[in-house]
Amino acid sequence: MKSADKTYMMMVDGELSPSQVSAHLLKTTSRDSREHWAAEWRLIGEALRRGTPVPRQAPDASFNAQVLAQIRTGNLRSEREGSRDPGLRLRDLALIGCACLIFAFGIMLSVSPGRQHHQLTEVTSLRVPDANLSATPIGREQRVTILWTTGLDFVADHEFRLNSSP
Amino acid sequence: MRNAIDQARVLSSVLWVLVFLVAVAGLAVALLPPRPILPGSEAIPLRENPPIHSIWSGLILATLQSHPQPLPTVLAPFEEGLKANFGYDQYVILAETESLLTEHQERWFVPSEQTYLSTRLVASGDEGPTIAFQVFQKNKLLLEGEARMVNGEPLFIKGPPKGHGQLIFAIIAK
């Protein structure tokens, strides 16, 4: 490092007495500029020694507007989400209740005596010895059980006589 | 917070799927026809002290009349089925009997020498007895078989035609 630079550094650091500063400036520059220059450097040196923070630079207006817009949007979303209960809502409970009612109604119908009552008498086995005769169960559509025969002999009115005790 | 909301939404969706499936299952149970009972699955073999079943038997004459009489009370619930299948508008009970059936007991219903039937208890069930029946005409066996009776639900057997009408046997377990 040159001697002049070292002297400058010592001057900025405040390590030179005012007389030494003056003597140095006399050697290097004109009077006005020397005094002005020396004063600025002194201020800078004192500021650094005091540890004064670097002045903050305020962001421009558009940046602030963007940040505020984002904050506003985020707040609104948070408000909407906050108003929605993460648990079951009244509408959900009502619909679940309806579904349960439908289920219970179905179970009730399936086990009700009236439904079971609709079972019909059923012919489980049948034998017709005469090949000229036939018999077939019918009538389930009308909810009756009829054994329909064909080929039976006609009974004349004069032949038919009821017994007194069947 | 956002994770909690997402989890709640997923849980709600899963719950809705379950509720939907349960509702569909309930409707299916309600709307499907009753499960058919396989022959013999509901019949209870006769025990030492079997139940006694009351069996009503009747011989009906069905005819066409210009001024038909109303059906007898015992047949009134089956008017639609009788008229739809036999086509007559008057049904008169010529003879009837009510008997108690127990194990191995055979009951004869002989309203006429022309035609008659026998019934016998085969098994007892919750819905009604299973009976064996035979239909005769002039000492000739026309047909025989077994029927799983449902109490109150009749078995009609088309007998021989008579005059301008039709003879019908009716068996009802009570």
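Protein chains get the first letters and strands the later ones, always in sequence-line order, with residue 1 at the start of each.
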Just checking A:E15: does its CD atom have more than 12 heavy atoms from other residues, nucleotides or ligands closer to it than 6.0 angstrom? yes
Pairwise side-chain contact, B:L94 with A:F160, heavy-atom cut-off 4.5 Å (strictly under): yes
Below 4.5 Å from any heavy atom of chain B, which atoms of [X] appear? Answer side chain, backbone, both or neither.
X: A:V144; value: side chain
X: A:L126; value: both
X: A:L95; value: both

Nearest 0.5 angstrom please: [X] [atom1] to [Y] [atom2], how far?
X: A:T124; Y: B:M149; atom1: OG1; atom2: CE; answer: 11.0 Å
X: A:R140; Y: B:N85; atom1: CZ; atom2: CG; answer: 12.5 Å
X: B:L143; Y: A:L152; atom1: CG; atom2: CG; answer: 7.5 Å
X: A:T149; Y: B:L142; atom1: OG1; atom2: CG; answer: 7.5 Å
X: B:K83; Y: A:Q142; atom1: NZ; atom2: CD; answer: 13.5 Å
X: B:E127; Y: A:E122; atom1: CD; atom2: CD; answer: 12.0 Å

In this structure, would [X] and [Y] fall into the same cluster of hydrophobic residues linked by side-chain contacts under 4.5 Å?
X: A:L120; Y: B:I168; answer: no
X: B:W56; Y: B:I131; answer: no
X: A:L133; Y: B:I157; answer: yes
X: B:Y91; Y: A:L147; answer: no
X: B:F109; Y: A:I146; answer: no

Partners of B:E113 by side-chain hydrogen bond (donor to acceptor under 3.5 Å, both in side chains), sequence neighbours excluded? none
Go through the structure and list residues passing side-chain hydrogen bond (donor to acceptor under 3.5 Å, both in side chains) with B:E144, not counting sequence neighbours. A:R127, B:Q134
Any salt bridge between B:K140 and A:D153, counting N to O under 4.0 Å? no
Under a 4.5 Å cutoff for heavy-atom pairs, which residue among B:G81, B:A173, B:A147, B:P161 has the most contacts with chain A? B:P161
Heavy-atom cut-off 4.5 Å, strictly under: side chain, backbone, both or neither for B:E146 against chain A? both
Could you look at B:P154 and say if it's the side chain, the backbone, both or neither that has a heavy atom under 4.5 Å from chain A? backbone
Taking a cut-off of under 4.5 angstrom between non-hydrogen atoms, the residues of residues 63-75 of chain B near chain A are none
Residue pairs, two or more places apart or on separate chains, that pass ring pair (Phe, Tyr, Trp, His ring centres under 6.0 Å) and touch residues 126-174 of chain B: B:W108-B:F136, B:Y116-B:F136
Heavy-atom nearest pair, A:R143 first then B:E153, reads O-OE1, 4.1 Å
Please report the closest heavy-atom contact between A:F154 and B:K162, naming both atoms and the distance. CE1-C, 4.1 Å
Given A:T121, which partner from the list B:L155, B:I172, B:I171 fulfils the side-chain contact (heavy atoms from CB on, under 4.5 Å) test? B:L155
